[in-house]
Amino acid sequence: MNNKIILFNPRSSDYKPRIPNSILAAAASIDGKFNWVIVDGNMEKDPFSKITEYISTGEFKYFGITVMPGPQLKQAIPFSKIIRETYPEIKIIWGGYFPSNQPKAVLNSGYVDYIINGPGDKAFPALIEALEHNLPINNINNIIYKSDKDIVKTPKDDLYDMDLLPDLPYGSLNWFYPVHGYLGKSYLGTKTIAYHSSFGCPFTCSFCAVVPIYEARWKGKSAAGIYKDIKFLKDYFGGNAIEFHDNNFFVSEKRTVEFSELMKDENMVWWGEGRIDTINKYTDSSLEKMREAGCKMIFFGAETGNDAVLKKMDKGGTQTGKQIKEFAARMAKFDIIPEYSFVLGLPAETPEKVMQQIDEDIQFIKTIKEINPKTEIIIYIYSPVPTEGSEMYKDVLNSGFHFPEKLEDWLSPMWENFDLRKNPLTPWLTPEMIDKIRNFETVLNGYYPTVSDIRLSPSKVNALKLLSTLRYKMNWYKFPYEIKALQKIWKYRQPEIEGF
């Protein structure tokens, strides 16, 4: 049998592997139809040797990879290129946000044959089936491929009912890599489960990479279905905390409350991502149930306190600067930590207006900290995403910005940092502006060290705060070398780069 499939999860982290949900979903979709193996770059010292070991048996015909922007490209690109050169008969299939958002660069590389565009639960097995039997593929939804010189995008499927999809094969994963190795120590718990309970997001923020893929659609697994999976991972593998990696876990108050009621006696701590204007509509009773059930922290895209800029970002919904402040105060009453992310350095008509927006956002962040000091602050420098038709992306293109046309150009350090939103590569941001954002972030993280860095002892927290107090209170942000030195020595962890 020479039609087996390698499912590869490129390395995304140097410090804490998580359950590879995307590659497990691909495995679930073909389980029982085709034979497959998993190679996890986060768990292998030399994953390419493992891959070639499989290919050299002559039994494997397909190489499927999940590819997020940033670190995963370091293995996805060179591995695919070498496989194409050495084993030209192998079909190479990419899935994940990166190829869906950058299909031209990916397919023009010459070493990626097909892209799964969005959920692959039906597209992936259908594509393999078609290739196996030499059937047409233009009637398979959710794929992108090259026909002669043209790039073809097939229509999108409606979002699937996740309760009807096959269970993720945790048992099979455990055979390749013990699941215990994926349940790492974090701020939430000693054995943290990574879990994905929904597809998409119903909003169209113009800086979000999910928007072009899901087109303002969202569909979630039932509370009972989530609970069943979490209970399994707790009972069989000892999981005691949960990171929900949904783009928007809290879309449905009913589902959140039902899940909270099921979880209230499980003694598990959990975290997820939501929207301020969505959860602000939750009743006090719902928020109390969430906290009682272990909800400890929620990530919110606050983005900016400027209502005009929020509108330009096409946040949708009803989010305002006033609401962002009021909601921070409300969360304090329920002992749920709001983790607010801000995007600084957006395009504006003039350099002076760009700098003005940066200054206003810095002051707004300080106001949030006064209202609720426990609010975690995550700062990003604006990085464009290809959200076609949005006013913001039009401004970006008009400024002269463009993405790399060649796939291998994404391997350069500057583009890796771009995807981590640490190096914007945008023409309107001057070095002075970038320095101001980064220096403020350093002082802020000194005065208010993140609670999620579990390695920081109380004495270290106090030392950082003492060192940063004068700078923070007097708005002196330039050249904070003394704070940076301590943060480097103590390996201060930034959640926006390293998670928990």
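Computation of the quantities below employed the complete heavy-atom set of this structure, encompassing side-chain atoms and omitting hydrogens, waters and symmetry-equivalent molecules.
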How far apart are the C-alpha atoms of Asp361 and Thr304, what are their side-chain angles, what is the distance that settles it, and do they pass the side chain to side chain donor-acceptor pair (under 3.5 Å) test? CA-CA 6 Å; Asp361 281 330; Thr304 178; 2.7 Å; yes
How about Gln72 and Tyr97: does a side-chain donor come under 3.5 Å of a side-chain acceptor? no
Restricting to non-hydrogen atoms, name the atom on Ala194 and the atom on His245 that form the minimum distance, rounded to 0.1 Å. CB-CE1, 3.8 Å
Reported CG-to-CG distance for the pair Leu233 and Leu168, which is rounded to 0.5 angstrom: 9.0 Å
Ignoring hydrogens and geometry, is there a side-chain-to-backbone donor-acceptor pair from Asn174 to Tyr170 under 3.5 Å? no
Look at the side chain of Thr86 and the backbone N and O of Ile83, then say whether any donor-acceptor pair between them is shorter than 3.5 Å. no
Once the angle between the rings of Phe79 and Phe48 is folded into 0 to 90°, is it parallel (under 30°), tilted (30 to 60°) or perpendicular (over 60°)? tilted
Closer than 3.5 angstrom, by distance alone: can the side chain of Glu59 be matched with the main-chain N or O of Asn2 as a donor-acceptor pair? no
Validation row: Ile23, Ile38 side chains within 4.5 angstrom (heavy atoms): yes
For Pro119, does its backbone N or O pair with a side-chain atom of Asn142 as donor and acceptor, under 3.5 Å? yes
Heavy-atom closest contact (Asn42 atom, Pro17 atom, distance): CB-CB, 3.9 Å
For a quick test of reading the model, state the closest non-hydrogen atom pair linking Leu188 to Ile242 and the distance between them. CD1-O, 3.5 Å
Does Asp158 CG have over 12 foreign heavy atoms under 6.0 Å away? no
Taking the side chain as every heavy atom from C-beta outward, state whether Lys146 and Asn108 have any pair of such atoms under 4.5 Å apart. yes
Is any side-chain heavy atom of Trp270 closer than 4.5 Å to one of Thr192? no
Should Ile365 and Phe342 count as side-chain neighbours, where that means a heavy-atom distance under 4.5 Å? yes
Is there a donor in the side chain of Asp229 and an acceptor in the side chain of Tyr195, or the other way round, less than 3.5 Å apart? yes
Heavy-atom closest pair (Lys191 atom, Phe237 atom, distance to 0.1 Å) is CD-O, 4.2 Å
Given the rule in the side-chain contact (heavy atoms from CB on, under 4.5 Å) test, do Phe8 and Gln75 qualify, once you have shown the distances and angles that lead to the verdict? CA-CA 10 Å; Phe8 177 48; Gln75 292 183 346; 3.3 Å; yes
Just wondering, do Ser80 and Phe63 contact through their side chains at under 4.5 Å, heavy atoms? yes
Go through it in stages, so that I can follow the logic: the residues are Arg18 and Leu183, the test is side-chain contact (heavy atoms from CB on, under 4.5 Å), and I'd like the CA-CA distance, side-chain angles, deciding distance and then a yes or no. CA-CA 7 Å; Arg18 292 178 171 90; Leu183 307 183; over 6 Å; no
Glu132 and Tyr62: CA distance, side-chain angles, deciding distance, side chain to side chain donor-acceptor pair (under 3.5 Å) verdict: CA-CA 10 Å; Glu132 279 296 291; Tyr62 303 97; 2.6 Å; yes
Gap separating the CD atom of Glu129 from the CG atom of Asn3, nearest 0.5 angstrom: 9.5 Å
When the aromatic ring centroids of Phe244 and Phe259 are compared, is their separation below 6.0 Å? yes
Between the side chains of Trp271 and Glu339, does any donor sit under 3.5 Å from an acceptor? yes
To the nearest 0.5 angstrom, please state how far the CZ atom of Phe176 sits from the CD atom of Glu44. 11.0 Å
Check: Asp161 side chain, Asp163 main-chain N or O, donor-acceptor pair, under 3.5 Å: yes
Test item: Lys156 and Asn141 side chains (from C-beta on) under 4.5 Å apart, heavy atoms: no
Quick check: does any side chain N or O of Tyr177 sit under 3.5 Å from a backbone N or O of Asp40, one acting as donor and the other as acceptor? yes
Ser100 and Asn117 side chains, donor-acceptor separation under 3.5 Å: yes
Given 3.5 Å as the limit, does a donor-acceptor pair link the side chain of Glu243 with the main chain of Gly272, or not? no
Find out whether Asn247 and Glu273 are in side-chain contact, i.e. whether some heavy atom of one side chain is under 4.5 Å from a heavy atom of the other. no
Over all atoms of both residues, closest heavy-atom pair of Gly301 and Gln319: O-NE2, 3.1 Å
For the CD1 atom of Ile30 and the NZ atom of Lys33, what is their distance to the nearest 0.5 Å? 9.0 Å
Is the closest basic N to carboxylate O distance between Lys228 and Asp167 below 4.0 Å? yes
Given side-chain contact (heavy atoms from CB on, under 4.5 Å), test Tyr145 with Lys153 step by step and report yes or no. CA-CA 7 Å; Tyr145 63 96; Lys153 283 188 179 183; over 6 Å; no
For Trp36 and Asp31, does a side-chain donor sit closer than 3.5 Å to a side-chain acceptor? yes
Check whether more than 12 heavy atoms from other residues, nucleotides or ligands sit under 6.0 Å from atom CD of Glu405, and answer yes or no. no
Give a yes-or-no answer on whether the side chains of Thr190 and Asn240 include a donor-acceptor pair shorter than 3.5 Å. yes
Please lay out, stage by stage, how Glu408 and Lys81 fare under the test salt bridge (Lys or Arg N to Asp or Glu O under 4.0 Å). CA-CA 10 Å; Glu408 287 170 73; Lys81 185 178 182 182; 3.0 Å; yes
Looking just at side-chain N and O atoms, do Asp157 and Tyr160 make a donor-acceptor pair shorter than 3.5 Å? yes
Donor-acceptor check, side chain of Glu376 to backbone of Val451, threshold 3.5 angstrom: yes or no? yes
Mark yes or no: Lys61 above the aromatic ring of Phe34, with NZ or CZ under 6.0 Å from the six-membered ring centre and no more than 45 degrees from the axis. no
Tyr380 side chain near Leu344 side chain, heavy-atom distance below 4.5 Å: no
Are the side chain of Thr154 and the backbone of Ile140 linked by a donor-acceptor contact shorter than 3.5 Å? yes
Within 45° of the six-membered ring axis of Tyr492 and under 6.0 Å from that ring's centre, is NZ or CZ of Arg455 located there? no
When rounded to the nearest 0.5 angstrom, what distance separates NZ in Lys231 from CE in Met268? 9.0 Å
Donor-acceptor contact present, side-chain Asp246 to main-chain Ser197, <3.5 Å: yes
Only residue of Ile116, Ile151, Val112, Val152 satisfying side chain to side chain contact (heavy atoms under 4.5 Å, CB included) with Ile144 is Ile151
At their closest point, which heavy atom of Ile115 faces which heavy atom of Leu107, and how far apart are they? CD1-CG, 3.8 Å
To the nearest 0.5 Å, how far apart are CG in Leu73 and CG in Asp409? 12.0 Å
Could you please spell out the steps behind the side-chain contact (heavy atoms from CB on, under 4.5 Å) verdict for Tyr111 and Glu85? CA-CA 8 Å; Tyr111 44 86; Glu85 292 170 351; over 6 Å; no
When the ring planes of Trp94 and Phe98 are compared, do they come out parallel, tilted or perpendicular, using 30° and 60° as the limits? tilted
